[in-house]
Chemist: 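Can you read through this structure? Questions will come right after.
Quick note: numbers below take in every heavy atom, side chains included, and nothing from hydrogens, waters or symmetry partners. Letters go in sequence order (proteins before strands), and every chain restarts at 1.
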There are 4 protein chains.
Amino acid sequence: MTTEIETLAERLKHFADARDWEKFHTPKNLAIALSVEVSELAEIFQWLTPEESAGVMESVKNADAVKDELADVMIYLTRIASILGVDLIKEANAKIDRNEVRFPPTP
Amino acid sequence: MTTEIETLAERLKHFADARDWEKFHTPKNLAIALSVEVSELAEIFQWLTPEESAGVMESVKNADAVKDELADVMIYLTRIASILGVDLIKEANAKIDRNEVRFPPTP
Amino acid sequence: MTTEIETLAERLKHFADARDWEKFHTPKNLAIALSVEVSELAEIFQWLTPEESAGVMESVKNADAVKDELADVMIYLTRIASILGVDLIKEANAKIDRNEVRFPPTP
Amino acid sequence: MTTEIETLAERLKHFADARDWEKFHTPKNLAIALSVEVSELAEIFQWLTPEESAGVMESVKNADAVKDELADVMIYLTRIASILGVDLIKEANAKIDRNEVRFPPTP
């Protein structure tokens with residue numbers, strides 16, 4: 001069975017292949033690209049109060065910008081994980097397992 | 001049907017609830033946390049040549065560090081998208097649709 | 001005697017005052033802004049080879065972009081240090097003192 | 001006359017020379033290193049309220065961490081500007097000149 005992230009990774013590989021962009025997609029370059037996209041997301045929030053940040057999706061303009069930047073982050077995260085052979089869902093769950101030991105729940 | 005990302009988002013919500021951490025999880029704070037984790041990933045590659053970066057998973061120590069940082073990025077990306085009500089797979093595919101028009105394939 | 005960074009910090013304080021922007025300039029917001037500007041600098045280099053990155057100033061367009069982003073980074077770094085009462089030159093030298101012990105020179 | 005930033009740049013060049021680190025100091029690698037250090041600064045503020053962030057220097061532990069990270073940011077910013085032949089003070093002032101036109105003061 002192919003998961004939704006694997007399907008996305010396949011589409012991204014095909015997209016890069018069709019444009020001869022695979023040569024640019026070293027893990028190092030993709031890590032920088034991921035960092036750039038995350039900063040574009042953070043930029044939306046930089047001058048907002050915590051309350052304004054919680055209501056960011058109420059403005060259509062901000063909501064579209066947030067969706068666009070989250071899409072870019074998801075794209076580069078999927079691409080770098082795919083190239084490195086890392087299963088994001090498996091590793092995220094393994095990390096939460098470790099965090100459950102490291103940070104016991106509030107009694 | 002619940003997708004694998006939705007299942008992860010549920011687990012993360014429960015994890016935050018059980019520790020009374022929801023108050024910290026404003027979109028603004030999560031965007032900063034995401035940025036911090038992406039930089040910890042980039043740090044692994046900062047002094048590597050492109051060739052060394054391509055072989056990063058051959059060292060067990062580096063491979064473990066990469067998996068750990070990718071897990072943290074996936075966790076915060078899933079968490080912020082969940083809080084903002086954004087479907088990462090849908091938005092990523094919509095963005096690739098737009099990119100296919102913006103960047104035509106090499107003939 | 002006033003140093004060149006103190007003079008810049010004074011100008012930035014006056015600039016923020018005149019626009020009623022001081023309320024936005026919490027250390028937290030300025031740290032995010034600094035991070036956003038550094039990513040705009042990194043974006044210029046993201047797909048370049050090490051050799052291309054070394055020659056980035058040979059293109060007038062790239063050189064102007066680099067100067068513009070370095071200016072923004074210097075502005076936000078000076079501003080956050082000024083608000084926090086930190087002397088950048090003194091702290092940088094103290095850090096190099098510590099690094100000289102931590103990383104002995106190659107024999 | 002040599003400015004305080006030029007003096008710092010000279011010290012950093014000598015430090016890299018003495019350790020045979022100049023080969024690592026491409027503009028691209030230094031941009032990544034700068035980004036990593038800025039994120040370590042942002043990490044100090046990530047879960048703080050705006051009010052807590054304004055009082056960050058009241059805790060000796062936080063104050064030392066802030067000074068240490070600001071030092072690292074200043075070091076890499078000075079180093080990359082030095083390698084690219086960019087005068088940070090001059091470019092920052094030129095940028096403020098442009099911003100004064102772009103953002104007129106509040107009446």
Side-chain angles (χ1 to χ4, degrees), chain A residues 3-5 7-8 11-12 15 18-20 26-29 31-32 34-35 37-39 41-42 44-46 48-54 56-57 63 66-68 70-75 77-78 80-81 83-86 88-96 98-100 103-106, chain B residues 3-5 7-8 11-12 15 18-20 26-29 31-32 34-35 37-39 41-42 44-46 48-54 56-57 63 66-68 70-75 77-78 80-81 83-86 88-96 98-100 103-106:
Chain A
T3 72
E4 57 187 357
I5 297 180
T7 304
L8 178 61
R11 191 175 177 200
L12 290 169
F15 186 92
R19 283 152 189 83
D20 201 19
T26 62
K28 179 169 179 160
N29 287 359
I32 302 174
L34 185 55
S35 171
E37 298 303 337
V38 167
S39 278
L41 177 68
I44 299 171
F45 297 103
Q46 72 185 334
L48 302 188
T49 62
E51 296 71 30
E52 288 166 343
S53 104
V56 71
M57 303 305 277
V66 163
K67 285 180 204 166
D68 194 67
L70 284 173
D72 282 332
V73 176
M74 183 63 187
I75 284 170
L77 177 58
T78 301
I80 192 172
I83 279 175
L84 294 171
V86 172
L88 290 168
I89 296 288
K90 180 184 149 198
E91 295 304 332
N93 276 300
K95 183 66 183 260
I96 304 172
R98 294 196 293 279
N99 283 344
E100 280 175 344
F103 306 104
T106 308
Chain B
T3 71
E4 59 188 356
I5 296 179
T7 304
L8 178 61
R11 190 175 177 199
L12 290 170
F15 186 92
R19 284 153 188 81
D20 200 18
T26 62
K28 179 168 178 159
N29 287 0
I32 303 174
L34 184 55
S35 171
E37 297 303 336
V38 168
S39 278
L41 176 69
I44 300 170
F45 298 104
Q46 69 185 336
L48 302 188
T49 63
E51 297 70 32
E52 287 166 345
S53 103
V56 72
M57 302 304 278
V66 163
K67 285 181 205 166
D68 194 66
L70 284 173
D72 282 331
V73 176
M74 184 63 188
I75 284 170
L77 177 59
T78 300
I80 192 172
I83 278 175
L84 294 171
V86 173
L88 289 168
I89 296 288
K90 180 185 149 197
E91 296 304 331
N93 276 301
K95 183 65 182 262
I96 304 172
R98 294 195 293 278
N99 283 344
E100 280 175 343
F103 306 104
T106 306

Chemist: Quick one: side chain to side chain contact (heavy atoms under 4.5 Å, CB included) partners of A:Ser53, sequence neighbours excluded?
Modeler: A:Phe45, A:Leu48, B:Thr26, B:Pro27, B:Lys28
Chemist: I'd like to know which of B:Thr78, B:Val38, B:Thr7 tops the heavy-atom pair count under 4.5 Å against chain A.
Modeler: B:Val38
Chemist: Report which part of A:Asn29 has an atom under 4.5 Å of a heavy atom belonging to chain B: side chain, backbone, both, or neither.
Modeler: neither
Chemist: How far apart are the closest heavy atoms of A:Leu84 and B:Val56, and which atoms are they?
Modeler: CD2-CG1, 3.6 Å
Chemist: Is the shortest side-chain heavy-atom distance between A:Val86 and B:Met57 below 4.5 Å?
Modeler: yes
Chemist: Heavy-atom distance under 4.5 Å to chain B: side chain of A:Ile80, backbone, both or neither?
Modeler: side chain
Chemist: Once rounded to the nearest 0.5 Å, what's the spacing between atom CG of A:Leu70 and atom NZ of B:Lys95?
Modeler: 10.5 Å
Chemist: If you round to the nearest 0.5 Å, how far is CG of B:Leu77 from CG of A:Leu41?
Modeler: 8.5 Å
Chemist: Could you have a look at A:Asn99, A:Asp68, A:Asp20 and say which one has the most heavy-atom pairs with chain B under 4.5 angstrom?
Modeler: A:Asp68
Chemist: Using the rule given for side-chain contact (heavy atoms from CB on, under 4.5 Å), can you reason through B:Leu8 versus A:Ile96, listing the C-alpha separation, both sets of side-chain angles and the distance that settles it, and then say yes or no?
Modeler: CA-CA 10 Å; B:Leu8 178 61; A:Ile96 304 172; 3.6 Å; yes
Chemist: Give the member of B:Glu51, B:Lys67, B:Lys90, B:Arg98 that has the highest number of heavy-atom pairs under 4.5 Å with chain A.
Modeler: B:Lys67
Chemist: Assess the residue pair B:Ile5 and A:Ile5 against the criterion (side-chain contact (heavy atoms from CB on, under 4.5 Å)); give the C-alpha distance rounded to whole Å, side-chain angles, the decisive distance to 0.1 Å, and a yes or no.
Modeler: CA-CA 9 Å; B:Ile5 296 179; A:Ile5 297 180; 4.2 Å; yes
Chemist: Under the rule for salt bridge (charged side-chain N to carboxylate O under 4.0 Å, His left out), what residues qualify as partners of A:Arg11, not counting sequence neighbours?
Modeler: B:Asp97, B:Glu100
Chemist: Give the minimum heavy-atom separation between B:Glu91 and A:Ala71, together with the two atoms involved.
Modeler: O-CB, 3.3 Å
Chemist: At a heavy-atom distance under 4.5 Å, which candidate from B:Ala31, B:Pro50, B:Ala92 has the highest pair count against chain A?
Modeler: B:Ala92
Chemist: Is it the backbone or the side chain of A:Ile32 that comes under 4.5 Å from a heavy atom of chain B, or both, or neither?
Modeler: neither
Chemist: For A:Met74, which atoms come within 4.5 Å of any heavy atom of chain B: side chain, backbone, both, or neither?
Modeler: both
Chemist: Looking at chain A, which one of B:Leu34, B:Val66, B:Thr49 has the largest number of heavy-atom pairs inside 4.5 Å, strictly under?
Modeler: B:Leu34
